Amino acid sequence: MAVDIVTFGCRLNTYESEVMRREAETAGLGALKNGAVIFNTCAVTAEAVRQAKQSIRKARRDNPNARIIVTGCAAQTDPAAFTAMGEVDLVLGNEEKLKSSSYRALPDFGVNDTEKARVNDIMSVRETAAHMVDAIEGRARAFVQVQNGCDHRCTFCIIPYGRGNSRSVPMGAVVEQVKRLAGNGYAEVVLTGVDITSYGADLPGAPKLGRLVKTILKQVPDVRRLRLSSIDSIEADDDLLDAVANERRLMPHLHLSLQAGDDMILKRMKRRHLRDDSIRFCDEARRLRPEIVFGADIIAGFPTETEAMFENSLRIVEECGLTHLHVFPFSPRQGTPAARMPQVDRAVVKERAARLRAAGERAYQAHLAALSGTRQSLLVERDGLGRTEGFTLAAIAGGGPGDIIDAMVTGHDGRQLLASPLAARAA
């Protein structure tokens, strides 16, 4: 039986799940009579942890004799919560999950909680190895890890305790991985990590993300679309902005880690930017690449947030020209400073999140309308659906997953663009 992997959370987890699949199968888990299910969890919110536990319980009900392994950020930050679950056979840390030897140590049934957990101190990890993969299962675009961990300590964030300190994959190894995936037919590659704009600080010569992007585009001509996952705009370097302006294969879509639009809240979050920094960055990027599209993460109801502070976050949607909004109702994570701050009433948190989402929806509808009648290049994700270079969803007839199709946008249905193919080019 094949190893079944259930992935929660970020693109980095998606990439690592492919490494895990290979390592688990190398360890022999695919030969188990009743199969194995590995949960690669996320810890960014309490809801993400709850959903993981719910899925674990369901997996045990559906297959009582399967071996169930739990790993990922939630397992790293709170292994006891999963070792205490009777449904779980083994808990692995984020470093252990990438090694076949960890899966060979799968214990017999009925062991105690101590034997079930193999979770080391993630802060002791100093390097991130290049794990080569040939494909990303079920994905039309490929993800490549360039960095892991984070050196910053935002007061709301548990992720550094799940991922450790920032460490970069050497540039040559990243280029080789992109070459490998492009050679296997992937037309689009996404560079991913926990804090990718911190890339290179720990490498000889301290190359920055912009230099990495330019090097990939120069040395891998077969990759037709290069995309970045979430960035911290305050760390964007001159080479990166130059690439945004002049490298047409770098996609005109940036997802920004904004988190808030009020200066006092940003300071209490221990962010390194102020609202005007975000507005200036978006204005400059739009000047360099007029068609650029911005997404952003924004937290609603951070501790001590007043209505006036929230209004600043609400206004920044328009002031930055945000289109793809990810709204998070504040979720206190045990062990973080924000969890000890005066909390906003939960009903108010939910109401503010709803207002932010409504603002995001209005911006998205305006964006869809503005694209009507334009010509777009679409990467087909699955039959009937693709994404523009600006990452906008579009319904398209023709082409298979991974194909790039030139199309004319004829309108939208409120959720996605409606497009007609002009010509198809196999990826």
Side-chain angles (χ1 to χ4, degrees), residues 11-12 15 136 139-147 168-169 171-183 185-193 195-200 207-257 281-296 320-324 367 371 374-381 386-392 394 402-406 425 427:
R11 293 182 177 95
L12 180 56
Y15 170 82
I136 306 293
R139 300 278 179 163
R141 61 178 56 81
F143 303 135
V144 172
Q145 178 189 7
V146 303
Q147 179 273 344
S168 309
V169 178
M171 190 178 299
V174 175
V175 170
E176 286 306 309
Q177 174 67 96
V178 175
K179 283 182 179 177
R180 186 168 179 165
L181 290 164
Y186 283 95
E188 181 173 309
V189 170
V190 184
L191 304 185
T192 188
D195 180 25
I196 68 170
T197 29
S198 70
Y199 177 83
K208 293 185 179 295
L209 180 62
R211 181 178 162 194
L212 174 65
V213 166
K214 287 184 171 182
T215 300
I216 291 170
L217 291 170
K218 180 179 180 180
Q219 296 191 16
V220 195
D222 289 342
V223 67
R224 292 166 59 187
R225 292 164 62 138
L226 186 67
R227 195 179 293 280
L228 304 178
S229 62
S230 179
I231 69 165
D232 200 339
S233 60
I234 201 70
E235 289 185 315
D237 62 280
D238 290 343
D239 271 341
L240 183 59
L241 287 173
D242 183 61
V244 167
N246 297 307
E247 297 283 3
R248 307 315 292 180
R249 290 185 292 149
L250 178 62
M251 294 296 94
H253 168 254
L254 295 175
H255 190 84
L256 310 176
S257 179
F281 175 82
C282 291
D283 286 347
E284 175 65 7
R286 194 173 283 111
R287 183 187 68 80
L288 295 170
R289 191 88 171 260
E291 74 273 25
I292 199 164
V293 177
F294 295 106
C320 281
L322 306 178
T323 297
H324 303 296
H367 173 68
L371 291 180
T374 64
R375 179 170 175 156
Q376 298 289 327
S377 175
L378 306 179
L379 176 82
V380 179
E381 292 188 337
R387 295 268 183 184
T388 68
E389 292 184 345
F391 207 62
T392 304
D403 288 348
I404 291 179
I405 294 179
D406 290 328
R425 297 170 292 167

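All values reported here derive from a predicted model rather than from experimental measurement.
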(request) Heavy atoms only: give me the nearest Arg227-Thr388 pair and the separation to one decimal. (result) NH2-O, 3.5 Å

(message) Please give me the minimum heavy-atom distance between Ile216 and Val175, naming the atom from each residue.
(response) CG1-CG2, 4.2 Å

(request) Identify the two heavy atoms, one from Ile404 and one from Ala187, that lie closest to each other, and give their separation to 0.1 Å. (result) CD1-CB, 3.8 Å

(request) If the plane angle is over 60° it's perpendicular, under 30° parallel, otherwise tilted; pick one for His253 and Phe391. (result) parallel

(message) Taking the basic N atoms (NZ, or NE/NH1/NH2) and the acidic carboxylate oxygens, is any pair closer than 4.0 Å for Lys208 and Glu235?
(response) no

(message) Run Val174 and Met171 through side-chain contact (heavy atoms from CB on, under 4.5 Å) and show every step you take.
(response) CA-CA 5 Å; Val174 175; Met171 190 178 299; 5.6 Å; no

(message) I'd like to know if the side chain of Ser377 and the backbone of Asp406 have a donor-acceptor N/O pair within less than 3.5 Å.
(response) no

(message) Using 0.5 Å steps for rounding, measure from the CD1 atom of Ile231 to the CG atom of Asp195.
(response) 10.5 Å

(request) Give, for atom CD of Gln145 and atom CD1 of Ile196, the distance between the pair rounded to the nearest 0.5 Å. (result) 11.5 Å

(request) Could you tell me whether the side chain of Arg249 reaches within less than 4.5 Å of the side chain of Leu226, counting heavy atoms only? (result) no

(message) Please report the interatomic distance CD(Gln147) to CG(Leu212), rounded to the nearest 0.5 Å.
(response) 11.0 Å

(request) Quickly, which of Gln376, Arg387, His367 forms a side-chain hydrogen bond (donor to acceptor under 3.5 Å, both in side chains) with Thr392? Name it, please. (result) His367

(message) For Arg225, give me all partners under salt bridge (Lys or Arg N to Asp or Glu O under 4.0 Å), at least two apart in sequence or on another chain.
(response) Glu188

(message) I need the minimum non-hydrogen distance between Val190 and Ser229, along with the two atoms involved.
(response) CG1-N, 4.0 Å

Show the atom names and distances, to 0.1 Å, of all donor-acceptor pairs under 3.5 Å that link a side chain in residues 239-248 to residues at least two apart or in another chain.
residue : atom : partner : partner atom : Å
Asp239  : OD1  : Lys214  : NZ           : 3.2
Asp242  : OD1  : Asn246  : ND2          : 2.8
Asp242  : OD2  : Lys214  : NZ           : 2.6
Asn246  : ND2  : Asp242  : O            : 3.3
Arg248  : NH2  : Glu291  : OE2          : 2.7

(request) Mind listing the closest non-hydrogen atom pair of Thr192 and Phe143 along with its distance? (result) CG2-CB, 4.3 Å

(request) Any chance you could measure Tyr199, atom OH, to Asp237, atom CG, to the nearest 0.5 Å? (result) 12.0 Å

(message) When you compare the side chain of Arg287 with that of Asp283, does any pair of heavy atoms fall below 4.5 Å?
(response) no

(request) Might you point out which heavy atoms bring Ala236 and Phe281 nearest each other, and give the distance in Å? (result) CB-CE1, 3.6 Å

(request) Check the surroundings of atom CZ in Arg289: do more than 12 heavy atoms from other residues, nucleotides or ligands lie under 6.0 Å from it? (result) yes

(request) Starting at CG of Leu228, measure out to CZ of Arg11 and round the result to the nearest 0.5 Å. (result) 10.0 Å

(message) Ser230 vs Leu254, test: side-chain contact (heavy atoms from CB on, under 4.5 Å). Steps then yes/no.
(response) CA-CA 7 Å; Ser230 179; Leu254 295 175; over 6 Å; no

(message) As an exercise, state the distance from CZ of Arg141 to CG of Leu181, rounded to the nearest 0.5 Å.
(response) 13.5 Å

(message) Taking the side chain as everything from C-beta on, heavy atoms only, tell me whether Thr323 gets closer than 4.5 Å to Phe294.
(response) no

